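Step one of this worksheet: look at the structure below.
As the structure is a prediction and not an experimental result, all values here were calculated from the model. Remember, it's 1-based here, ligands and their atoms both numbered in the order they're listed.
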Amino acid sequence: MKNTNQKTEPLQSLDEWEDDVVRRYPEEAHKAKEEFRNYEAPARDTVKEFYRINHINQTYDFVLEKKKDFLQFNRREMSLWDAVEFLNTLVDDSDPDIDLDQTQHLLQTSEAIRADGHSDWFVLTGFLHDLGKVLCLFGEPQWAVVGDTFPVGCAFSDKIVYPEFFKKNPDYTNEELNTKFGVYSPYCGLEKVHMSWGHDEYLYHILKDYLPEPALYMIRYHSFYSQHREGAYDHLMSAHDHEMFKWVEKFNPYDLYSKAPTPPNVKELRPYYEDLAAKFLPDTLKF
Ligand SMILES: [Fe+2]
Ligand SMILES: [Fe+2]
């Protein structure tokens, strides 16, 4: 997919967003468990522009509309491996020498999880966690596929990256939606909360009947940085959410910091992942 429309598609590659997350939350700071935010190197203009469009357009109504459409799962039926290969047809303008393709990111994440001796469902989760990015191949713009996710239907936290861009979101001045709790109630639990629309929420709904609950939390909330790194929405979280977010936090470093010097051998690894898929998933998944 060539990046021909810079106005609506500012990122040269979806990886540009993830690279920026790593810049914001560097691994060194994570290891040192310091409260540390990287203000020194500003994001590239493309990333900033991406957040600007994302924050303006992700409204409560937009999210409800996308759910109504995409949660019919009437676009494509694929086996897990077919979906991985389909996602890999997503080619951006980025430098192929620097950026990994989508399959390699998935395999590096899952292989790092496997190397640490975690359960098979956790490894499988690493392998499929970004499959929701096929939304791009269904014609969705970048800002409705990737980016940090956040609750809609209540006030936007200033702990979300570039909070100033929310001022032009129509919900910002909507009195029903712009209070601390908005349409929700204190500690109501995230199950009741609508998140901004993107690859996380989409894939959660595709897989929700097949994987254990910690896996579903990892998938659904892995881009919810303002909560799992900043604790900005404790007032909506239930005690159970907090328990489950321990898994989201366990997963996040594998997603961000698992880039290995040698790319994984896709051909060699395929049978292992097909066996894993057969253990947990039906033969085909509906997208
Ligand atoms: Fe992701
Ligand atoms: Fe990822």
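- The aromatic rings of Y217 and H240 stand perpendicular to each other, their planes meeting at an angle above 60°, with 30° marking the opposite boundary.
- Annotation: cation-pi geometry satisfied between R229 and Y25 (NZ/CZ under 6.0 angstrom from ring centroid, within 45° of ring axis).
- Residues meeting the salt bridge (charged side-chain N to carboxylate O under 4.0 Å, His left out) test with K208, sequence neighbours left out: none.
- Aromatic ring pairs are classed by plane angle as parallel below 30°, tilted from 30° to 60° and perpendicular above 60°; the pair F150 and F166 is perpendicular.
- Listed by chain and number, the protein N, O or S atoms at a distance under 2.8 Å from the Fe ion (ligand 1) are D130 OD1, H199 NE2, H222 NE2.
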Would you tabulate the side-chain donor-acceptor contacts of residues 265-272 under 3.5 Å, counting partners in other chains and residues two or more places apart, or write 'none'?
from	atom 1	to	atom 2	distance (Å)
N265	OD1	K267	N	3.2
N265	OD1	E268	N	3.1
N265	ND2	E268	OE2	3.1
R270	NE	E274	OE2	3.3
R270	NH2	E274	OE2	3.3

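- Distances from the Fe ion (ligand 2) to the N/O/S atoms of H105 are shortest for NE2.
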Going by atom type alone, with no hydrogens or angles, which donor-acceptor pairs under 3.5 Å involve a side-chain atom of residues 279-287 and a protein atom two or more places apart or on another chain?
from	atom 1	to	atom 2	distance (Å)
K279	NZ	D120	OD2	2.4
T284	OG1	E77	OE2	2.7

